[in-house]
Amino acid sequence: MTRRTLLQSLAAGAPLSLAALSGSNADGQIAHPSRGMPSPIIKDISVIATAPAGLRLSVVKVTTDQDGLYGYGCATFTQRAELVNAAVEKYLKPFLAGKPADRIDDTWQACYNSSYWRNGPVLNNAISGVDQALWDIKGRQAGLPVYQLLGGKCREAAACYSHASGAEIPETIDNARRLMEQGFHHVRVQVGVPGMAGYGASRGSAAVAALHRDPVFDPAVYMRRAIRLLEESRKQLGDDVELLHDVHERVSPNQAVQLAHAVEPFRLFYLEDVLSPEDIDYFRQIRGRCATPLAMGELFNNPHEWTPLIANRLIDYIRIHVSQAGGLTPCRKIAAFAELFGVRTAWHGPGDVSPIGHCANVTLDVVCYNFGVQEYSSFNDRLREVFHGCPELKNGYLYPNDASGWGVEIDEKAAARYPYGYGEAGRHRDLNGGWDVIRRPDGTVIKQ
Ligand code: GCO
Ligand code: MG
């Protein structure tokens with residue numbers, strides 16, 4: 001019974017029950033004023049498949065039974081986008097249609113367990129799309145940005161790093177300087193390996209001898225160049241800039257121990273993915289040998305991967321790809337868990353995360369006390385043509401949108417102008433956005 005009806009009943013001299021006076025409903029439950037927010041019901045779930053920047057993005061749209069109330073969520077696994085989209089359309093849509101849209105963790109648990117076999121990149125990304133969309137809906141319904149639903153800001157904006165690379169070291173250092181002039185205090189530096197398919201930088205034109213015709217990569221050659229790159233970067237860029245480097249699991253476990261130790265004098269902000277998920281037990285050896293800060297996690301999509309590393313303080317930064325872990329709901333729990341062990345966040349933020357996914361990243365960045373740094377990749381004009389309301393970068397800091405929900409509207413007509421395959425060529429297009437093989441000179445396939 002609202003205060004107004006109570007006063008009307010009093011004025012009318014109507015007999016009043018104890019329940020009415022105590023504001024509880026008929027069965028004695030204390031009825032809290034619910035700001036008139038009827039529970040929205042999931043009416044439809046669809047996927048917006050678009051590639052404005054030449055990377056296949058999957059964005060889930062959850063539409064409710066309330067006019068104009070819908071939400072978006074990132075489900076981007078660009079190397080297997082079609083499989084994620086099918087998981088959403090064929091499995092999550094029939095499973096969730098007709099269910100309430102305002103019970104986010106319950107819905108997450110239901111989706112997570114509905115396949116019996118769980119975790120893994122395809123199913124987690126699909127669940128993430130729905131999860132993030134439900135947070136968007138709750139924010140839109142409440143008239144609040146999602147960061148307010150999570151308790152509000154711990155900081156105004158998220159310090160970001162961007163990528164400086166080059167075929168040769170001087171080029172990388174020049175590009176790093178340019179980013180510093182734009183206000184970035186954190187810069188990731190990568191250098192190519194001549195003639196080889198290195199990570200994060202072009203290979204130049206040199207020819208490399210190999211026992212096969214596939215792209216080549218030699219970890220030992222890369223390692224020597226990476227050490228020189230970081231030495232030169234620290235020397236030429238000075239002490240103030242925070243330097244990051246991504247090994248991208250391209251060396252053997254023992255080389256990883258050597259590399260982390262060798263770059264210790266250059267005081268990195270962190271060394272990323274020096275090991276692959278299959279070799280995380282080697283972190284103990286690295287910890288035993290040096291204090292180089294370590295970041296890991298973009299490849300993780302199972303709690304068995306991140307829990308021991310965090311609980312045993314074997315890494316300093318958890319770098320999960322939010323949709324690979326299943327969305328905002330699990331990642332805010334991972335962040336809280338990491339805070340207990342002094343591990344900070346550095347959510348994965350490359351071009352194969354949609355602008356909605358970047359909204360989820362920066363939301364976690366501003367609300368979680370144990371924020372470390374945020375990877376930034378710029379939103380080109382075509383992305384902004386499709387996604388209105390992308391987070392804004394100012395002076396090396398990323399600011400969440402203050403509009404309700406994620407504060408992003410998607411122009412679906414524009415999205416359709418950039419279908420999957422847009423901007424792709426050769427094998428990349430033949431492989432539907434997947435990656436081709438890279439081998440060591442002797443022909444051994446490498447982890448990329
Ligand atoms: C990073 C990552 C990316 C990944 C890419 C895979 O640190 O940003 O390593 O560059 O390779 O997201 O699709
Ligand atoms: Mg990486």
Side-chain angles (χ1 to χ4, degrees), residues 51 53-58 74-84 121-122 124-125 128 158 160-165 172 179 184 186-192 197-203 215 217 222 226 242-251 256 259-260 268-277 280 293-301 305-306 309 315-325 345-355 357-358 360-361 365 372-379 383 398 420 423-424 427-428 431-438 446-448:
L55 289 166
R56 300 180 179 215
L57 307 177
S58 300
C74 186
T76 299
F77 173 19
T78 198
Q79 289 86 351
R80 297 288 182 273
E82 310 269 11
L83 299 183
V84 174
V122 171
N124 279 4
N125 273 283
S128 165
C160 289
Y161 72 88
S162 191
H163 302 167
S165 66
T172 300
L179 290 173
F184 285 99
H186 301 74
V187 177
R188 188 188 84 170
V189 289
Q190 307 286 140
V191 69
Y199 165 72
S202 57
R203 67 181 74 182
F217 184 79
Y222 151 72
E242 297 285 9
L243 295 174
L244 299 80
H245 180 72
D246 191 344
V247 181
H248 221 259
E249 56 163 1
R250 291 291 187 97
V251 295
L259 178 57
L268 299 190
F269 184 81
Y270 68 53
L271 189 64
E272 175 183 342
D273 287 359
V274 71
L275 290 167
S276 59
I280 52 179
L294 302 168
M296 181 88 186
E298 69 185 55
L299 281 166
F300 289 170
N301 34 53
E305 294 170 312
W306 56 77
L309 289 185
I315 56 172
D316 304 286
Y317 297 89
I318 185 71
R319 243 184 83 58
I320 284 175
H321 182 109
V322 169
S323 64
Q324 282 286 355
T345 68
W347 309 107
H348 193 222
D352 48 317
V353 168
S354 75
H358 286 283
N361 283 351
D365 294 339
V373 73
Q374 179 57 57
E375 178 179 19
Y376 174 75
S377 47
S378 56
F379 307 112
L383 273 169
L398 197 61
Y420 285 176
E424 290 173 2
R427 285 293 280 160
H428 197 42
L431 298 174
N432 294 319
W435 287 6
D436 205 350
V437 69
I438 299 176
I446 69 153
K447 293 189 181 102
Q448 299 192 34

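Order of appearance sets the numbers: ligands from 1, and atoms from 1 within every ligand.
The nearest heavy-atom contact from the protein to atom 12 (O) of ligand 1 is D352 OD1, 2.8 Å. Atom 9 (O) of ligand 1 has its closest protein heavy atom at E298 OE2, 2.8 Å. In this structure, atom 10 (O) of ligand 1 lies nearest to the protein heavy atom Y199 OH, 2.6 Å.
Contacts between F77 and ligand 1, counted as non-hydrogen atom pairs separated by less than 4.0 Å, are absent for every part of the residue. Residue E375 touches ligand 1 through its side chain alone, judged by heavy-atom distances below 4.0 Å.
Between C160 and V373 there is no side-chain heavy-atom pair separated by less than 4.5 Å. For the pair I318 and W306, the minimum side-chain heavy-atom distance is below 4.5 Å.
Scanning both residues, L383 and A53, for their nearest heavy atoms gives CD1-CB, 4.0 Å. For the pair V274 and V247, the tightest heavy-atom approach, listed with the atom from each and the gap, is CA-CB, 3.8 Å.
Cation-pi geometry between R250 and F217 is met: the NZ or CZ atom falls under 6.0 Å from the ring centre, inside 45° of the normal.
Contact between H348 and ligand 1 is present, with at least one heavy atom of the residue lying under 4.0 Å from the ligand. Taking 4.0 Å as the cut-off, Q448 does not count as a neighbour of ligand 1 on heavy-atom distance.
Looking at Y420 and S58, their side chains do bring a donor and an acceptor atom within 3.5 Å of each other. Between the side chains of Q324 and N124, no donor N or O sits under 3.5 Å from an acceptor N or O.
Taking distance alone, with nitrogen or oxygen atoms compared against 3.5 Å, R319 approaches ligand 1 more closely than that limit.
Residues that satisfy the ring-ring contact (aromatic ring centres under 6.0 Å, His included) test with Y376, not counting sequence neighbours, are absent from this structure. Partners of P293 by side-chain contact (heavy atoms from CB on, under 4.5 Å), not counting sequence neighbours, listed by chain and number: Y270, D316, Y317. The side-chain contact (heavy atoms from CB on, under 4.5 Å) search around D246 returns R188, Q190, Y199, H248, E272, D273, E298, not counting sequence neighbours.
Shown in contact with E272 at under 4.0 Å from a heavy atom are these atoms of ligand 1, numbered in order with element: 7 (O). The ligand atoms of ligand 1 that sit less than 4.0 angstrom from a heavy atom of P350 are 8 (O), 12 (O). For ligand 1, the atoms lying closer than 4.0 Å to a non-hydrogen atom of W435 are 6 (C), 11 (O), 13 (O).
In this structure, the side chain of S377 engages the main chain of P350 through a donor-acceptor pair within 3.5 Å.
In this structure, H186 and F269 have perpendicular ring planes: the angle between them is above 60°, well past the 30° mark.
Only protein atoms were considered; those of element N, O or S under 2.8 Å from the Mg ion (ligand 2) number 3.
Relative to atom 11 (O) of ligand 1, the option among R188, H248, E249, H163 with the closest non-hydrogen atom is H248.
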